[in-house]
Amino acid sequence: MRLRLATWNINSVRLRLPLVTQFLDSLQPDVLCLQEIKCRDAEFPTSELRKRGYVHIATHGQKGYHGVAIVSRLPFHEIRRRDFCAKGDARHISVAFDAGAADASGIVLHNFYVPAGGDEPDVEINPKFGHKLDFLDELALWTAEENIAGERAILVGDLNIAPLETDVWNHKALLKVVSHTPIEVEKFTKVFNSGPWVDAMRRIVGTEEKLYTWWSYRSPNWELADKGRRLDHIWLSKKLAPSLVGMQVLREARGWLRTSDHVPVLVDLDLGQSAAPP
DNA sequence: ATGGTTGGGGTCCAA
């Protein structure tokens with residue numbers, strides 16, 4: 001069984017619903033994880049997505065800011081929503097695919113929207129940066145305690161950190177820019193090492209190659225200047241990693257009319273292979 | 001070094 005999974009920071013799902021449906025129609029993912037839906041659960045465009053076959057929908061929304069959702073053709077259960085840092089922020093949702101999802105059964109999927117962290121990488125003058133670091137600390141502890149990378153697990157989302165030198169357009173220029181500072185990369189790495197995770201994107205595109213998923217709205221000529229960062233990630237547990245058969249960053253989506261500043265990232269898994277011995 | 005754009009909700013905050 002093939003499973004196509006996508007993640008996309010949509011930056012207002014209601015405003016960009018036509019782009020979401022265009023994306024679903026053309027790329028045909030089985031599961032789409034969204035971040036920054038920027039609406040309450042009741043305002044999520046559930047009926048429009050159900051009409052297109054994505055009948056299984058779980059949301060963790062709030063008014064105006066943040067918010068995550070999982071939109072799926074495959075049935076799931078055990079929907080969980082954790083309030084990291086106990087601020088009432090909607091930044092996490094997870095589901096487990098059930099028996100009706102055939103070979104996807106037993107896979108737990110976590111969808112995150114990590115705080116952006118504000119402009120100044122200094123906790124003394126910028127509480128938002130402190131919040132981001134605290135969020136990562138709590139995430140590392142929790143992922144280890146809960147063993148969320150256990151057996152068959154996937155972690156996706158806008159993690160708002162570009163960890164590698166080739167994840168940003170200019171490593172040196174961005175060392176003091178929030179998203180690429182050493183302290184953030186250190187904490188990001190701790191989260192990654194809290195479980196047996198594999199970076200699916202870098203399994204397909206080598207670390208010597210530049211790879212971005214986000215281009216600022218503030219930079220004109222995004223395509224020509226190409227001042228991007230890889231802020232969005234897909235991690236597979238070691239057990240699932242052998243099933244990875246494809247990955248794409250849908251760079252063209254950044255050129256769509258009135259689009260998000262993030263583009264979708266997709267992976268293809270051949271779950272028939274995941275049962276094979278190592 | 002600076003300033004640039006977008007979205008939501010409401011006359012500014014977050015990204």
Side-chain angles (χ1 to χ4, degrees), chain A residues 7-23 33-45 59-69 83-92 111-123 125-136 139 156-163 167-181 183-184 187-188 212-233 251 253-265:
Chain A
T7 179
W8 193 9
N9 178 322
I10 195 62
N11 188 14
S12 175
V13 70
R14 289 179 293 174
L15 186 70
R16 290 187 233 289
L17 180 60
L19 296 187
V20 174
T21 55
Q22 173 188 326
F23 170 73
C33 296
L34 294 168
Q35 302 86 35
E36 280 205 272
I37 61 175
K38 291 190 174 178
C39 67
R40 301 178 184 94
D41 291 338
E43 297 162 335
F44 192 81
T59 60
H60 185 190
Q62 68 180 89
K63 183 181 176 179
Y65 303 103
H66 323 313
V68 288
D83 178 8
F84 285 86
C85 299
K87 286 171 63 82
D89 280 2
R91 295 181 179 276
H92 165 263
N111 179 15
F112 281 97
Y113 176 51
V114 171
D119 288 332
E120 283 293 331
D122 181 347
V123 298
I125 58 173
N126 174 18
K128 284 187 277 190
F129 192 65
H131 176 216
K132 183 177 196 175
L133 299 184
D134 290 346
F135 190 102
L136 294 165
L139 186 52
V156 308
D158 176 4
L159 304 184
N160 263 318
I161 293 171
D167 290 335
V168 294
W169 65 278
N170 185 327
H171 168 62
K172 277 190 179 173
L174 288 174
L175 276 170
K176 288 179 179 171
V177 173
V178 173
S179 74
H180 195 60
T181 64
I183 180 80
E184 289 170 90
K187 289 183 184 295
F188 178 99
Y212 314 138
T213 64
W214 174 90
W215 293 260
S216 173
Y217 284 128
R218 298 177 191 176
S219 170
N221 304 315
W222 73 271
E223 193 162 23
L224 205 63
D226 202 20
K227 294 184 173 179
R229 305 177 202 168
R230 184 170 73 111
L231 303 180
D232 303 274
H233 299 269
R251 185 184 164 104
R254 188 60 182 78
W256 293 349
L257 193 64
R258 297 250 287 169
T259 196
S260 170
D261 44 357
H262 296 252
V263 298
V265 182

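Residue numbering restarts at 1 for every chain, and letters A, B, ... go by the order of the sequence lines. For clarity, every value in this text was computed on a predicted model and none was experimentally measured.
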Which value, in whole Å, describes the distance between the P atoms of nucleotides B:dG3 and B:dG7?
23 Å
Would you check if the side chain of A:Q62 reaches a backbone N or O of A:A90 as a donor-acceptor pair within less than 3.5 Å?
yes
Between P on B:dT2 and NZ on A:K227, what's the gap in Å once rounded to a whole number?
16 Å
Please determine if a side-chain N or O atom of A:R91 lies less than 4.0 Å away from the OP1 or OP2 oxygen of B:dA15.
yes
Please give, in whole Å, the distance from B:dA14 C1' to A:K87 NZ?
12 Å
Between A:E36 (CD) and B:dC13 (P), how many Å, whole number?
18 Å
Relative to the 5' end of DNA chain B, which residue comes earlier, A:N11 or A:Y65, by the nucleotide with the nearest heavy atom?
A:N11
Over 60° means perpendicular and under 30° means parallel, so classify the ring planes of A:W8 and A:W256, tilted if in between.
perpendicular
Looking at A:R258, I'd like to know whether one of its side-chain N or O atoms comes within less than 4.0 Å of OP1 or OP2 on B:dG7.
yes
Those residues at least two apart in sequence (or on a different chain) that pass side-chain contact (heavy atoms from CB on, under 4.5 Å) with A:F44 are A:V13, A:L34, A:I37, A:C39, A:T46, A:L49, A:I57, A:T59, A:A69, A:V71
Tell me, please, which residues at least two apart from A:H180 pass ring-ring contact (aromatic ring centres under 6.0 Å, His included).
A:H171
Using whole Å, report how far CG of A:N126 lies from P of B:dA14.
10 Å
side-chain contact (heavy atoms from CB on, under 4.5 Å) partners for A:K227, two or more places apart
A:W169, A:A225
If we take the P atom in both B:dG9 and B:dT5, what is their distance in whole Å?
23 Å
Return the 5'-most residue of the pair A:L15, A:N9 with respect to DNA chain B, ranking by each residue's nearest nucleotide.
A:L15
To the nearest angstrom, how far is A:H66 atom NE2 from B:dG7 atom P?
17 Å
Less than 3.5 Å apart, any donor N or O on the side chain of A:Q35 or A:T7 sitting next to an acceptor on the other?
yes
Determine the Euclidean distance between corresponding C1' atoms of B:dG10 and B:dA14; express it in Å to zero decimal places.
15 Å
Taking ring-ring contact (aromatic ring centres under 6.0 Å, His included) as the definition, give me every residue that meets it alongside A:F84, ordered by chain and number, with sequence neighbours left out.
A:H92, A:F112, A:F135, A:W142
Check the distance between B:dG3's C1' and A:D119's CG and give it to me in whole angstrom.
11 Å
Could you list the residues that satisfy ring-ring contact (aromatic ring centres under 6.0 Å, His included) with A:F129, not counting sequence neighbours?
none
Residues from residues 214-223 of chain A lying under 4.0 Å of DNA chain B - heavy atoms:
A:Y217, A:R218
Length of the line joining A:L174:CG and B:dA1:P, which is rounded to integer Å
14 Å
With sequence neighbours excluded, tell me which residues meet side-chain contact (heavy atoms from CB on, under 4.5 Å) with A:K87.
A:C85, A:D89, A:H131
Can you list the residues that meet the side-chain contact (heavy atoms from CB on, under 4.5 Å) rule with A:E223, with sequence neighbours excluded?
A:R251
Pairwise P distance, B:dA15 and B:dT2 [rounded to whole Å]
23 Å
Length of the CD1-P vector between A:I10 and B:dG7, whole Å:
11 Å
Write out a two-atom table: protein N or O, nucleotide N or O from nucleotides 9-12 of chain B, distance below 3.5 Å.
residue : atom : partner : partner atom : Å
B:dG9   : OP1  : A:G64   : N            : 3.4

